[in-house]
Amino acid sequence: MKKQAYILALMVLSTFVSLTPPAKTLDMYWIDVEGGAATLIVAPSGESILIDSGNPGGRDSERIYTVASEVAGLKKIDHLITTHFHIDHFGGAGELAKRIPIVNIHDKGIPENLSEDVNFAKNIQPYRDIKAKRYTIKPDYELSLKAMPRGTAPLSLHCLGINQQFVATRKDADTNGDCGETTDKPVDTSDNANSSVFMINFGTFTLFNGGDLTWNTEKKLVCPVNLPGEVDVYQVNHHGLDQSNNPVLIQSLSPTVAIINNGTKKGCGPETFTSLRKTPSIQAIYQVHKNLREDGTTINTAPEKIANMEENCKANYIKLSVTPDGQQYTVSIPANSYKQVYQSKK
Ligand SMILES: [Zn+2]
């Protein structure tokens, strides 16, 4: 082929390729907010959902802003879901809203006060001040999302429970066989027990996000009926603290992958870790931080599955990317180039 003809053929080919853009993935980021929570979801439509917003003080809002704008290329956060009213979950929102617009806010309604937070009225003020459309989450609440582009699986964020109230069970629902040998822990009167529980479904892919739900409420979610059913990915409740992560919940979810948004000295508890390791379905556990406690209860996953190894870390994030058909997903830590592919359950 003559050189000009070859160049022409290349031009025609590249035009054709650029006219048929590849279908987009569903991307999620566990942003490092040092033992708080901030899970960013970017839909194939470009719509974005942030579940929790870390702590106040500038650090966490800066980190969320950086991942949202520089990594995910976002110009706004379409939806902010606040799972409950503890400062490590709502604290960064006010500052974040000054850097990038937050369009819609979904929560259970701001309480007047909170017994475990004497400074609640002051702490919540920046969150109250955000100019966004507000929505109240109830059991069975579903986020209203834009239609997905052609060629991608349907996406939904559905609330199974909040304020210790759950969706109704189907009349024909089977009783969960794992409920026999369960124990209770002291009643949790904090707002953790009131956390919202969201199921994120993308085709056959399913992720569980239960905020800081605690032991006895976790049991109510799966006993006598397993409301969530089996999932692919479990965002480990409450940073992996042992007040949460009732083994009956983990067994009932039967996840393939567990992701812990722990801090260097918060979460990633020994009881939780043992329960995760004992769950046969779990192929991998990921941590936002290496557990650096020196109390003899320190357990860690394999080093390549930890985003941040040092106390003074670079705030590396964990990324999860689901193929447009929802059938396969990759969990990666871009900072250390580790990645692993998993198949979604059917
Ligand atoms: Zn928390």
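These numbers come from a predicted model, not from an experiment. Just so you know, ligand 1 is whichever comes first in the structure, and atom 1 is the first atom listed for that ligand.
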Does CZ belonging to Arg128 count more than 12 external heavy atoms closer than 6.0 Å?
yes

With a cut-off of 2.8 Å, does any N, O or S atom of His239 fall short of it relative to the Zn ion (ligand 1)?
yes

Distance-only side-chain donor-acceptor flag, His89 / Asp212, under 3.5 Å
yes

Looking only at N, O or S atoms, find the one in Asp212 nearest to the Zn ion (ligand 1) and name it.
OD2

The OD2(Asp88)-the Zn ion (ligand 1)-NE2(His89) angle, to 10°, is 100°

Between Asp78 and Lys146, does any NZ, NE, NH1 or NH2 come within less than 4.0 Å of an OD or OE carboxylate oxygen?
no

From the list Leu157, Asn209, Leu50, Ile105, side chain to side chain contact (heavy atoms under 4.5 Å, CB included) partner of Ile81 resolves to Leu157

